[in-house]
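Computed from a prediction, not measured in an experiment: that's the story for all the values here. Labels below follow one simple rule: chain letters A, B, ... track the order of the sequence lines, proteins then strands, and each chain is numbered from 1.
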Number of protein chains: 2
Amino acid sequence: MAATIKDIAKMAGVSPATVSRVLSNQREFYSEKTAKKVRDAAKQLGYQRNTSAVELVTRKSRVIAVLVSSTQTNFSNPILNGIQQQAEAHNLSVMIIFAGENKPEMQEKALQTVIERSVMGILLVAVDLDPTNNALLESANIPFIFISMTMKNANFPFISSNDFDIGYQATKYLIKKGHTKIGFAGTDLNSFVGNLRFEGYRDAMRDNQLARKAEWVCGGHFTYEDGLKAMRQYGQKTELTAVIASSDLVGIGILNQANQYGIRVPGNLAILTVDGTQLCDIVRPKLSSVTQSFFEMGVKGMDMLVSESIKEFYSMYTPINIVERESV
Amino acid sequence: MAATIKDIAKMAGVSPATVSRVLSNQREFYSEKTAKKVRDAAKQLGYQRNTSAVELVTRKSRVIAVLVSSTQTNFSNPILNGIQQQAEAHNLSVMIIFAGENKPEMQEKALQTVIERSVMGILLVAVDLDPTNNALLESANIPFIFISMTMKNANFPFISSNDFDIGYQATKYLIKKGHTKIGFAGTDLNSFVGNLRFEGYRDAMRDNQLARKAEWVCGGHFTYEDGLKAMRQYGQKTELTAVIASSDLVGIGILNQANQYGIRVPGNLAILTVDGTQLCDIVRPKLSSVTQSFFEMGVKGMDMLVSESIKEFYSMYTPINIVERESV
DNA sequence: AACAATATCACAAACGTTTGTGTAAATGGG
DNA sequence: CCCATTTACACAAACGTTTGTGATATTGTT
C-alpha cells in the first residue's frame, strides 16, 4: 500500500540506492538535478520511510526507552519533560513504558520489550530495579541510566539528588530555625534512598548534639495517606515542633491532619517537604521544601545517554536547594 | 553480537524456519522433541527477538502510539494508566510522545514519527489537532482515536466526556443548591470544548429563567494562575455566590484568592470544579467536582483501537458524575 | 504389503532499507 | 586531444525474521 523507496526510484528514473542517499542527504553522492526529481516524486507519493527496515539494516534505532515506575509520585512529569526536550534536540524518539509498581515480573517484561526493540538507550525513572533483573539489564549491551534513584549496587550509573544530603540539609535547616525535636516521616527505612535520607537526618541531629526518639520516624511510600498516618501516629499532643516530609504529598497529609488536630502550621508545627513541586504553592500555608532539580535530571539523563562517554559508568548528583515558603 | 534465529538453528540442528515456528508456538509445525532443543538453545544463547525484523516482514507492529499534549493538566496520568493497563491486557507496547503545546509544527513532527513506525494505532490524548494536520493523520491509514478532546471536525472518532453536559449539569447542580449568580471561569470560549461547556452553562441558566452577565465568565487554559486571575477579576465584592471552575487547579486558584479576599468558601462563595482528581481531596475545604472518568477513557480508547469495529468512525462519551465534598 | 494420509521439517522468497563497490560519464590539466 | 581524476549513478548484498510450498519420513488403513 504505502509507497516505498523503489516506487520513488521508478518514478524518478533512478536506482533505489540513489533515492536513499538523496533522502538522507548524503551530498557527495548525487547531483542537485536528480535530487529534485527524487524529492518531488517522494512528496507526490506521500512517502514515509519505514523505520523497521532502517533499524534492521543499520542495526540501531533512534529511540530512547523510558521505564517509569507507576507508583505515581507527581514528580515524574518534570523529569519526562526534561527528557522530551532533549530528545527533540537530539532528534530522538521517546518510548515511555510503565514498569509497574516495582514488581519484579513487570519490570522484567518491560525490559524485555525495550531490549527486543534494540533501543539506543534506556532511562529508568524512579524504578527500584529488583536485583533479579540486574543481569538482564546488563546483558543487553544497551546504555542505561537510573534517574532519581540510586542503587545499592553502586555499579549502575545514575542521576539523582544526593539523598543523604537531602536528609542532612533539611535537618540542619530546621535546627538553624531553632527546632530540636524533629520528625521524619513518609519513607521506608528499608529502601535504599529512604535509608540514605535517614542517615543524613541522623547525622545532622548528632552533629548538633540533639537526641532522637524512635517514634519520631514514620515509614511510608511518599503518599498523601502516609502523611495523614504519620501525623496520627505523632498524635494531637506531640512534642515535635517540626517534621520533615518525604514528599510534597506527605507534607500536605501532615498539614491537613495537623489542622484537624488544631495544631497550627507553622505556629505549633513546622513542615519541610522534599520535592518542591507545584503542590507546595497551591496549599495554605505554602509548604517550604527541599526542592529537587527534576527537570534537570531529565535533561542530563538524556544528554549522558547520547554522549559516548557513558562507557565508564559515570553518575552525578543534581543540585538541591531549600525554598522558603510559609510552613516553617 | 546478539544471537539470531540462525544461531539457534545451527545449535539445535534445525532450520531457521523451524526455530521461528517453535518460538511463536505454531504447534502444528514441529514435534515436541525438536521444540525442546530449540528452546534450550534459545535460552542458552540469551536470544532476544529482533522486533524490527519481525515488523518489517509482518508489516504490522504491536505498538500503540500515544500523542499527548504537553499542556500539563494533571488528568493525563489516569488516562495513561488506563491505556497502559489495557495495553498489557492485549500484549501491546505503548509509545508515548509529547506533541507540544498544541503547536501545529510539533504536532506534525510527532505524527511523522509515529507514522514512520507504522504503529498499529494512535491515541491522541487532549491534543487539539491543528486542521492543517488532519490530512496527514488520515492519510496514514492507521486507526486513531481522540481522547478527552472532541473536535469541531465531527468525522474523527473520540472518547470524551460530554462537555455540553458538564456545563449543564454543573450549573443545574448549583442552581438546585439555591445559587442564582454563577460564575464560569478558566476556559477559552474560542476553543471547541470551552464553547461547548459554556453553552451548557448558558442553557441551564436559561432553562431556569436566570439572567447572566458577561463579566461572570472568565477565559483561561485550565491553569492555577487562571484561577487566581479569574477571582481577581470577580473582585473582593463580587455578587457571585458560586463559580464553576474549568479544572481542579483553576478551582484551587479561585479558592486561594477568595480566601485572601476574606471570602469564605463555601460560606460566601461555592466552588464547583471540573475534573475531580486527587487535588480536590487534599485542599481545604475539599472541592466538590464534576468528576470525569479519565481512567475509563484510557481503557475504552485502547479497547476500541484494537477492536476491528473502528472502521466506522465510532465515538462515545464516558460518564460524568458530581462528587459532593465541602466547597458548595 | 501397498498405498494414502499425515506429521515434521527445510528451502527460499520476501519485507524496505543502507552501503560498499563497480562503472560510465563528465571534467580537468598539460 | 589524451590520460587522470572526479562526479554521478547503479548493482547487489545484507540486516533478521515470517511463511508458502515442497520434500521426506512416519503413521494408519485395508
- Task: Please list residues of residues 34-48 of chain B whose heavy atoms come under 4.0 Å from any atom in DNA chain C, ordered by number; otherwise none.
- Result: B:Thr34
- Message: I'd like to check B:Val125 versus B:Ile83 (side-chain heavy atoms, cut-off strictly below 4.5 Å). Are they in contact?
- Response: yes
- Query: How sharply is the helix from C:dA1-D:dT30 to C:dG30-D:dC1 bent, taking the axes over five pairs at either end and rounding to 10 degrees?
  - Reply: 30°
- Do the side-chain N or O atoms of B:Ser31 get closer than 4.0 angstrom to the phosphate oxygens (OP1, OP2) of C:dC9? yes
- Message: Strictly distance-based, threshold 3.5 Å: is any side-chain N or O of B:Ser315 a donor or acceptor partner for the main-chain N or O of B:Phe158?
- Response: yes
- Task: Find the distance between OG1 (B:Thr51) and CG (B:Leu56) and round it off to the nearest 0.5 Å.
- Result: 12.0 Å
- Please state how far atom CD1 in A:Ile8 lies from atom C1' in C:dT17, giving the value in whole angstrom units. 12 Å
- A:Glu32 and A:Lys37: CA distance, side-chain angles, deciding distance, salt bridge (charged side-chain N to carboxylate O under 4.0 Å, His left out) verdict: CA-CA 9 Å; A:Glu32 260 317 308; A:Lys37 281 193 300 185; over 6 Å; no
- Query: Pick the nucleotide of DNA chain C nearest each of B:Gly13 and B:Ala53; which residue has the one closer to the 5' end?
  - Reply: B:Gly13
- Would you confirm whether B:Arg62, through its side chain, and B:His90, through its main-chain N or O, come within 3.5 Å as a donor-acceptor pair? yes
- Look only at the side chain of A:Ser118 and the backbone of A:Ile115, and say whether a donor-acceptor pair between them is shorter than 3.5 Å. no
- Note on the structure: CG (A:Leu123) and CD1 (A:Ile159) are apart, to the nearest 0.5 Å, by 7.5 Å
- Going by atom types only, do A:Gln86 and A:Asp303 share a side-chain donor-acceptor pair under 3.5 Å? yes
Set out, line by line, the N/O atom pairs under 3.5 Å between protein and nucleotides 19-25 of chain D.
{"unit_1": "D:dG20", "atom_1": "O6", "unit_2": "B:Arg21", "atom_2": "NH2", "d": "2.4"}

- Query: C:dG16 phosphate, OP1 or OP2: any side-chain N/O from A:Thr4 under 4.0 angstrom?
  - Reply: no
- Message: I'd like to know if the side chain of A:Ser161 pairs up with that of A:Gln292 as donor and acceptor (distance under 3.5 Å, no hydrogens or angles considered).
- Response: yes
- Item | A:Arg59 side-chain N/O to C:dT18 phosphate OP1/OP2 under 4.0 Å | no
